[in-house]
Amino acid sequence: LTSYVQYGTNIDNAGWAQNAMFYGDGSNGYEFTFLTVCGHEITHGVTENTANLVYEDESGALNESFSDMLGVMIAYYASDTLKWTIGDEIQQTFRDMSNPKAYENPDTYKGTYWVSDGSDNGGVHTNSGVGNYWFYLLCQGGEGINDNGTYYNVEPIGTTMAENIAYTTLTSYLIETSDYHDIY
């Protein structure tokens, strides 16, 4: 795998493109090379070489969500600490898988904060909150009433089983145009 570290000047981002990972140098003194983001970007490579999810609308949101799921798990295996936030290592948390709404991401399909206006490439980052929360519930469990008024009570199956389900779904069952209805 090829990685370009300290890419650019004052770049507060990381990305997967042309079979390589690019990690910005960061404008606030924090490079974008923390393990959760590295795992996230590597998973974009896995996605490109398996399901090859189109990077827009719901398939793009799934692309982002699976990258968050596996990025969190890679960091967990390295540190033995399970964290559900993305970006806190650089003091710029931008997603919370356990509470997507905290960063204006939906936790419910077409619920509060759902992007349908075409911004964010059809909501690829924002709408990933739905898949992120699904994964969190599989791992940790939870109950409540979602934004559509439906009661849910999810018994946790643990991180290992949840990760296996996510990885197998991504690499064996999804196609380029898969959407949320195809996986849940």
Taking every heavy atom of Gly39 against every heavy atom of Thr43, the minimum-distance pair comes out as O-OG1, 2.8 Å
Task: Stepwise side chain to side chain donor-acceptor pair (under 3.5 Å) check, Thr126 with Asn105 - done: CA-CA 5 Å; Thr126 307; Asn105 294 262; 4.6 Å; no
Report the C-alpha separation of Leu170 and Thr47 in whole Å, then their side-chain angles, then the decisive distance to 0.1 Å, and conclude whether the side chain to side chain contact (heavy atoms under 4.5 Å, CB included) test is met.
CA-CA 7 Å; Leu170 173 63; Thr47 300; 3.6 Å; yes
Margin query: Can you confirm if the aromatic rings of Tyr109 and His181 lie within a centre distance of less than 6.0 Å?
Written below: yes
query = With a 4.5 Å heavy-atom cut-off, do Asn63 and Tyr55 have their side chains touching?
reply = yes
Could you check whether Asn148 and Thr108, counting side-chain N and O atoms only, form a donor-acceptor pair closer than 3.5 Å? no
Rounded to the nearest 0.5 angstrom, the CG-CG distance for Leu174 and Asp179 is 9.5 Å
message = In the structure I gave you, are the side-chain heavy atoms of Asp107 and Asn132 within less than 4.5 Å of one another anywhere?
response = no
Between Asn127 and Pro106 the two heavy atoms that sit nearest each other are OD1-CG, 3.7 Å
Students should find that the hydrophobic cluster of Val115, defined by side-chain heavy atoms under 4.5 Å apart, otherwise consists of none
Rounded to the nearest 0.5 Å, the OG atom of Ser178 sits from the CD atom of Glu58 at a distance of 10.5 Å
Hey, is the main chain of Pro100 close enough, under 3.5 Å, to the side chain of Asp96 for a donor-acceptor pair? no
Q. Taking C-beta and beyond as the side chain, do Val130 and Ser65 meet within less than 4.5 Å on heavy atoms?
A. no
Output for pair (Asp68 CG, Met73 CE), nearest 0.5 Å, gives 13.0 Å
ask   = Would you call Asp147-Lys101 a salt bridge at under 4.0 Å N-O?
value = yes
* To do: Say whether, by atom type as modelled, one donor and one acceptor occur between the side chain of Asn52 and the main chain of Asn49 under 3.5 angstrom.
  => no
Val46 and Val54: same hydrophobic cluster, using ILVMFWY side-chain contacts below 4.5 Å?
no
How about Trp134 and Met69: do any of their side-chain heavy atoms sit closer than 4.5 Å? yes
dist Met97:CE -> Leu82:CG (nearest 0.5 Å) comes out at 9.0 Å
Taken to the nearest 0.5 Å, the spacing of Asn19 CG from Glu48 CD works out to 5.5 Å
- Item | Cluster check Tyr167, Ile157: I/L/V/M/F/W/Y, side chain < 4.5 angstrom | yes
- Pair Tyr180-Leu62, side chain to side chain contact (heavy atoms under 4.5 Å, CB included): steps then yes or no: CA-CA 7 Å; Tyr180 277 115; Leu62 289 172; 3.4 Å; yes
Can you confirm whether Tyr173 is buried at OH, in the sense that more than 12 heavy atoms of other residues, nucleotides or ligands lie under 6.0 Å from that atom?
no
Show the numbers, then the answer: is there a side chain to side chain contact (heavy atoms under 4.5 Å, CB included) between Leu137 and Tyr152? CA-CA 10 Å; Leu137 289 173; Tyr152 63 92; 4.0 Å; yes
Taken to the nearest 0.5 Å, the spacing of Tyr136 OH from Asn99 CG works out to 9.0 Å
Val124 reachable from Ile42 in the ILVMFWY side-chain graph, under 4.5 Å edges: no
**OP:** Answer whether the closest heavy-atom distance between the side chains of Trp84 and Cys139 falls below 4.5 Å.
**Re:** yes
Residues passing the side chain to side chain contact (heavy atoms under 4.5 Å, CB included) test with Ser172, sequence neighbours excluded, are Thr168
- request: Group every Ile, Leu, Val, Met, Phe, Trp and Tyr by side-chain heavy-atom contacts under 4.5 Å, then state whether Leu138 and Ile183 land in the same group.
  value: yes
Notebook entry, point to check: Distance only, no hydrogens: is a donor on one side chain within 3.5 Å (strictly under) of an acceptor on the other, for Glu163 and Tyr77?
Noted result: yes
Do Arg95 and Thr85 have side chains that get closer than 4.5 Å, going by heavy atoms? no
Taking the side chain as every heavy atom from C-beta outward, state whether Tyr103 and Ile86 have any atom pair closer than 4.5 Å. no
Cluster membership besides Ile175, Ile/Leu/Val/Met/Phe/Trp/Tyr side chains within less than 4.5 angstrom, sorted by chain and number, is none
Practice task
For the pair His44 and His40, name the ring-plane relationship: parallel under 30°, tilted 30 to 60°, perpendicular over 60°.
Solution key: perpendicular
Side-chain contact test, heavy atoms from C-beta onward, threshold under 4.5 Å: evaluate it for Gln140 versus Phe135 and give yes or no.
-> no
